[in-house]
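Chain identifiers are assigned alphabetically (A, B, ...) following the order of the sequence lines, protein sequences preceding nucleic acid strands; residue numbering begins at 1 within each chain.
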Amino acid sequence: MSAETDLPKAYEPNEVEERWYQAWLDQDCFTANPDSDKEGYAIVIPPPNVTGILHLGHVLNNTIQDVLARRARQEGKEVMWLPGTDHAGIATQTKVERELRAEEGKTRRDLGREAFLEKVWEWKEKHEGIIFKQLKRLGCSCDWSRERFTMDEDYSQWVSHVFSELFKQGLIYRGKRMVNWCPVSLTALSDEEVIMKPQNSKLYYMKYEVVDSPGEFLEIATTRPETLMGDVAVAVNPKDERWGQYIGRKVRRPFPAAEIPVIADDHVDPEFGTGALKITPAHDKADFEIGLRNELEIIDVLHPDGTLNLPEMPEFDGLDRFVVRRKAAAKLEELGLLLKVEEYENNVGYSERADVPVEPRISMQWFLKYPAVEEARAAVADGEITYRPERWAKTYAHWLENIQDWCISRQLWWGHRIPVWYRADQAHALREAESLTLANMEGGQIHVGEEAPSEGEWVRDDDVLDTWFSSWLWPFATMSNLGEKSAELKKFYPTADLVTGPDIIFFWVARMVMAGFHFQDELPFRNVFFTSIIRDLKGRKMSKSLGNSPDPLDLMEKYGADGLRFGLMRIAPVGADVRFDEAQVEEGRNFANKLYNACRLRLMTGGEVMQALPPVSELRPYHLDILQKADRLAENLTQAYADYRFNELGSLLYEFLWSEFCDKFLEAVKIDLRGGVAGTATTLAVFDRIMLRYFQALHPFMPHLTEELALRMKYLPEGSFLMNSPLPEAPLLAEVPAAHAHAEAVYAVAGRLRNLKAEYHLAARKDVRFVVKNTIPWLTDELDVLSLLVGAEEIVVDDEFAVTKGTPTVLTDAGEFVLPLDGLIDVEAEKKRLQKEITKVESEVEKSLKKLQNPKFVENAKPEVVAVEKERHASWLEKLKQLRELFSALDSD
RNA sequence: GGUCGAUUAGCUCAGUGGUAGAGCGCUUGCUUCACACGCAAGAUGUCACUGGUUCAAAUCCAGUAUCGACCACCA
C-alpha cells in the first residue's frame, strides 16, 4: 500500500490553500498579457476603501468575480482582473481626524493642511493592503502587478485632465447653490450621499400677527422653528380661499422682529398643516426656490457646524440647531404665539458618513452638468450593456431621466485638489464671484490644470473633488496613462463584467458609463451583475454596530476559503437578498470533504491514472450512466454560466458529485474499486476521466482543493496547473447506448428494497436474501450490484418460488421481489402495508384517469404530454392489479 | 405619494403552464474496509389571500394583505 492510504480522513484546507495561492503567484498565473493572441477578458474590481477590511459582502462580490475570471481562463481567454483601492475621501479623512482627536486632542486645522495630509498618507500606508491580503486568502486571482490606487500619480493626472476637459467644454461651473451640507464633516455632499430617514418629529403650529390688522393672525405649521429667524415671507397657495385675502399684506415675524410679506406660490399644499408656509430661503431647498421666484432676501442664521449665527439674539447665538429648536418653541409659547405641538413623522435627510441630519445650505460649490447622458441611457435601454437582474435597468433609467447637476466639490483635504488657480491679485474677488465659468478662464483670471502657470502668482482652489469624481474613471484610468492608448486599453477595454451592488448604481455604475462614452467613446463594460445584500438570519443588514457580521477570516480559518466560497455561492440568489447562515458555509466545508474522500477512495485502490476510456462496448450501465450525466453537467454548467446563475452552478456541482457520483455510481462499482477484479481497470478509467473534468468544472468555485487533488491524483503533467488547463470540448460519450438506462432502474429498485428492509427493521442486516420473480432479462446481469446496493446476501431469480402467506413482496418495474421471512411476519402487518400502498396507487390511478377522460386535455395538450399521461396510467393500473392479487392471496386461506 | 421586488416544509431557499423540490433541522436504524464533515430509511406543504385566464396555475393576469428596497422639495 502506498503512502496515499495514510491520507487523513478529513480534508484540512488551510495549509493546502496557502500553498496553492503561493504557487499561483510564483508562476505568475494571474498576470495578464496584453500582447497575447487570446481573446481579452477583463474585470475591474470595485475598489474597496484603501484602509477597509473584508466583510461578507466583499467575499460574495469577489468570489463571483473570481469565478468569472477563472472560468474565462479555462475558456481560453486572456484574463485581466484588475485590483485597486479607493481613497474614500470623507471616510478616510474622518477616521484620521478621529484618531488625531483621541490621541493628540487636535483637529485637522490645528495641524494645517500639509501636516494633516501627511498624517493621512501615513495612515494609508499603515492600513492599506489589509483587504488585499484577505482577498488573497480567499483565493482571488487578481493581477496584483497592476494594483491601482485612485490617488496614484498617474491616476491623479487623469482626474485633473478630466476636470479640465469638462471645464473647457463648459460642463463644469462654479456657483452659489443650495447644497446638502454635513455639519459634522463640514462639507457639501451630493444628493446621493444623503439618506432619507423617517423621524419622529414635532409639528409646531404658531401664529404671526397681521401687520395691518392687529389682533388678527396667520397660522403657520413648521417642523423647524429654529429657522424662523431666517424667515423672509409666508407663502400660501393662490387658490386657497382661506388665505387669499392676505396675499400682498404683511405679517410680523416675532423674533428678531420684522415685517415680512405674505406671498402666493403654487408649491404650497393647502391640505398640509395650516396651508401657510414660512419661507426660509437659506435653510430649505424648496424655500430657496420660492425665494428665487419671488426675489426674496436670503438670511442665513446658521454657522457651517449647525450652530446658530445670530449675534443680535445672544440667547440663541452659538447654540446647536436642535437646542435652538426647543428654545425657539419655548419662546413662542412665552409670547403666546405657539398654538399647539403635534407628534409628526417625517423624512429627514442624513449624511451617509457622519449619520447626522444634513443642513440645506447655500454655498459656493463646483458643479458638473453630466456628459453623455443620452448615450449612457440608451446603452442600457438598448441592451448594449446588460443588467442582471434586468430590473435595475429601470432604476438606472429613471435616475438618468431626472438627472441633476453633480456637486463635485468637497470642503475636505483628503482627495484630489480642484485643479483651478486664481490670479493672486484677484483671488479674493474670484473666490466670492457669483459664478465662475469658461469665460473667466478665457479672460485669464483663472487657470485650470494640475500646475500653476509659470508666469505670475496664482493660488489654488482649496476644495477637493468628490471621491466618485475619481472612481467614475476607474475602468480606463487604471489601464492607461493620460494621453496614451495603452496595450491594455486596446486589449481589455471595454471590460467584460462588472460585479457590484445595486446600492451604487448612481454613485458609480451610471457615472462610469457616462465617463466611458465621453472619454473613451466606448462603454466601459458589457455586463453588470448586481449582487445581493447579505443579511443575518433575522433579515437585518450586516453591520459592525449590531455585531451580526461574522469575520470572513474566522470563517475561512474554520471552514477553509473553498468552503466559504462554495457555501456563499450556493445561497446567493439572483437579485434578492441573502440571509447568511454559518451552516451554509459548513455545508461548503462538508462538500469539500466529500470530494476529498471520493478521491481518497480512488487513491486507496491505487493503480495508474487512466488516460483513455475503454471502448463503449466494455462499459457497464453504471459507467454509461455517470458518463452521460457528466456530459449533461457540463452542458448545464455552460448554460448557467451564460445566464450568470451562480447559485444554480453551485447546486449542479453539488448534486452531481454527491448524489450521482458518490451515492449512486461509487456505491454501484465499489467492488471494482477494492481492486483486483475484472472490472477494476474500466471503472478506474471512468473515474479518472470524469474526475478530471469535474475538477475543472468545480475549479472556479473551489480553486485550491481542485488544484490539490488534481496534483495528488497525478491528473496533470508535472508543473502544469489545473487553473490553466482549457476545458475539453468533446463530450465523454459521443453516443449513449440504451443500456445506460438500466443503471437508473437498478438504483430505483435498490431504493424499494432498502425501503422494504427498513420497514421490517432489517436495515442494518447484510444477510438477508431476496427472491425475484418475473424479472426482466437484463436484470440477471445486475443482481450482484443490486445486492451490494441493497445490502443483501444474495438475490436469486426463481419464477417458481412459492410465496408463503405473509411474506413481504414489492412490485417494481424490474420484477416482483420477495423477502422470504418464513412466517416471522404477522399477516395482518403485511396486509396493512399492502393496503397502504394500494390506497396510494389507487389515488394515482384515479388522478390520471380523470385527466385522460377530459376530452379537452386530450385535444389541447401537447401529444407528448398526453402520451406520458397514458403510460403513467397504464403502469399504475398494472401495479394496482398486482397489488390486489398479493393482497387477496393473503386474505384467502 | 411613486416605482420595483418578495411571500413555497420548522429554518435558508430552488422551482417560466403538465405527478410540489434541495440542504439544514427533526424521527428511526447504522462506527459497513472513502467520508459521522458520513450512510440508509422516514415524517413534514391551504405554494400569503381573493378573483380571473386555461383542458390544466406555485407558475400567467387583476386586486388585497404583510415585509423590504429605491425614488420624491408636504413644511
Indicate whether OP1 or OP2 belonging to B:C13 is found under 4.0 Å from a side-chain N or O atom of A:Asn647.
-> no
Please state how far atom CH2 in A:Trp392 lies from atom C1' in B:U3, giving the value in whole angstrom units.
-> 11 Å
Just call it for A:Cys662: base, sugar-phosphate, or nothing, with non-hydrogen atoms closer than 4.0 Å on any strand.
-> base
May I ask you to say what A:Gln584 touches in the nucleic acid, namely base, sugar-phosphate or nothing, with a heavy-atom cut-off under 4.0 Å?
-> sugar-phosphate
Scanning all shown strands, the Watson-Crick or wobble mate of B:G10 with both distances under 3.5 Å is B:C24
Quick one: is B:C55 close enough that its OP1 or OP2 comes under 4.0 Å of any side-chain N or O from A:Asn854?
-> no
Rounded off to whole Å, could you give me the CG-to-C1' distance for the A:Asn347 and B:A72 pair?
-> 9 Å
Look at A:Lys340 together with A:Glu342 and state whether they make a salt bridge at an N to O cut-off of under 4.0 Å.
-> yes
Does A:Arg535 put a side-chain nitrogen or oxygen below 4.0 Å from OP1 or OP2 of B:A6?
-> no
Does any N or O in the side chain of A:Tyr559 come within less than 3.5 Å of the main-chain N or O of A:Pro13, such that one atom is a donor and the other an acceptor?
-> no
Consider the side chain of A:Leu277, meaning its heavy atoms from C-beta on, and name the nucleotide among B:A75, B:C70, B:U19 that approaches it most closely.
-> B:A75
Winner on side-chain proximity to A:Leu666, out of B:A34, B:A14, B:C35, is B:A34
Quick one: A:Asp581 CG to B:C13 P, roughly how many Å, whole number?
-> 9 Å
In whole Å, what separates the P atom of B:C55 from that of B:G10?
-> 35 Å
Examine A:Trp399 together with A:Phe506 and report whether their ring centres are nearer than 6.0 Å.
-> yes
Can you tell which of B:A75, B:C37, B:A72 lies closest to the side chain of A:His267?
-> B:A75
In the structure shown, which nucleotide is the Watson-Crick or G-U wobble counterpart of B:C35, with both distances under 3.5 Å?
-> none
Determine the contact category for A:Phe661: base if any of its heavy atoms lies under 4.0 Å from a base atom, sugar-phosphate if only primed atoms, P, OP1 or OP2 are that close, otherwise nothing.
-> nothing
Spacing of A:Tyr11 atom OH relative to B:C37 atom P, expressed in whole Å | 17 Å
If you check every side-chain atom of A:Asn755, which of B:C70, B:U19, B:A41 has the closest atom?
-> B:A41
Within less than 4.0 Å of OP1 or OP2 of B:A75, is there a side-chain N or O belonging to A:Tyr204?
-> no
With a 3.5 Å cut-off and just heavy-atom distances, do the side chain of A:Lys394 and the base of B:C4 make a donor-acceptor pair?
-> no
Hey, does A:Arg872 reach any base, or is it just sugar-phosphate, or nothing, if we go heavy atoms under 4.0 Å?
-> base
According to the Watson-Crick and G-U wobble definitions, with both distances under 3.5 Å, which nucleotide is paired to B:C73?
-> none
Below 4.0 angstrom, N of the basic side chain to O of the carboxylate: do A:Glu192 and A:Arg511 qualify?
-> yes
Answer yes or no: does a side-chain N or O of A:Arg391 lie under 4.0 Å from OP1 or OP2 of B:C4?
-> no
Touch class at under 4.0 angstrom, heavy-atom based, for A:Val268 against every strand present = base
Scan A:Tyr344 against the nucleic acid and name what it touches under 4.0 Å (heavy atoms): base, sugar-phosphate only, or nothing.
-> sugar-phosphate
Closest to the A:Ala286 side chain: B:C55, B:C73, B:A75?
-> B:C73
Under 3.5 Å on both distances, the Watson-Crick or G-U partner of B:C60 | B:G52
Does atom CG of A:Asp784 have more than 12 heavy-atom neighbours from other groups under 6.0 Å away?
-> yes
Looking only at N and O atoms, is any donor in the side chain of A:Arg600 or the base of B:C35 less than 3.5 Å from an acceptor on the other one?
-> no
Main-chain N/O of A:Arg645 paired with A:Asp643 side-chain donor or acceptor, under 3.5 Å | no
Run the ring-centre check on A:Phe661 versus A:Phe687 and record whether the distance is less than 6.0 Å.
-> yes
Rounded to whole Å, CD of A:Glu667 lies from C1' of B:C35 at a distance of 10 Å
From the list B:A34, B:A40, B:C37, which nucleotide is the closest neighbour of the side chain of A:Ala10?
-> B:C37
A:Glu648 atom CD is separated from B:A14 atom P, nearest whole Å, by 11 Å
Rounded C1' spacing from B:U54 to B:A14 in Å = 26 Å
Rounded to the Å, how far apart are A:Lys757 NZ and B:A40 C1'?
-> 9 Å
If pairing means Watson-Crick or G-U wobble with both distances under 3.5 Å, then the partner of B:A43 is none
Pick the nucleotide of RNA chain B nearest each of A:Arg224 and A:Arg602; which residue has the one closer to the 5' end?
-> A:Arg602
Using the P atoms only, state how far B:U16 lies from B:U7, rounded to an integer number of Å.
-> 12 Å
Using atom CZ of A:Arg579 as one end and atom P of B:C67 as the other, report the distance to the nearest whole Å.
-> 13 Å
Is A:Arg570 positioned over the aromatic face of A:Tyr654, cation under 6.0 angstrom from the ring centre and no more than 45 degrees off axis?
-> yes
Nearest to side-chain heavy atoms of A:Phe272, which nucleotide of B:A34, B:C37, B:C74 = B:C74
Complement of B:G68, any strand, by Watson-Crick or G-U distances under 3.5 angstrom | B:C4
Between A:Glu708 and A:Arg712, is the closest basic N to carboxylate O distance under 4.0 Å?
-> yes
Classify the nucleic acid contact of A:Lys670 as base, sugar-phosphate or nothing, counting any heavy atom under 4.0 Å across all strands shown.
-> base
Counting only side-chain N and O atoms of A:Trp658, is one of them less than 4.0 Å from OP1 or OP2 of B:C39?
-> yes
Judged by nearest nucleotide, the residue sitting upstream toward the 5' end of RNA chain B, A:Asn597 or A:Glu345, is A:Asn597
Taking atom P in both B:G29 and B:A48, compute the distance separating them and give it to the nearest angstrom.
-> 36 Å
Find the partner of B:G17: check Watson-Crick (N1-N3 plus N6-O4 or O6-N4) and G-U wobble (N1-O2, O6-N3) distances, both under 3.5 Å, and reply none if neither fits.
-> none
Start with the C-alpha gap between A:Lys278 and A:Asp287, add the side-chain angles, then the distance that decides, and say whether salt bridge (charged side-chain N to carboxylate O under 4.0 Å, His left out) holds.
-> CA-CA 8 Å; A:Lys278 72 185 201 64; A:Asp287 290 8; 5.8 Å; no
Ignoring hydrogens and angles, does a donor from either the side chain of A:Glu587 or the base of B:A22 sit under 3.5 Å from an acceptor on the other?
-> no
Side chain of A:Lys594 (C-beta onward), nearest among B:C70, B:C37, B:G38 = B:G38
If you check every side-chain atom of A:Phe857, which of B:G23, B:A40, B:G18 has the closest atom?
-> B:G18
B:A72 phosphate, OP1 or OP2: any side-chain N/O from A:Lys285 under 4.0 angstrom?
-> no
Per A:Arg570 side chain, nearest of listed nucleotides B:A41, B:A75, B:G23 | B:G23
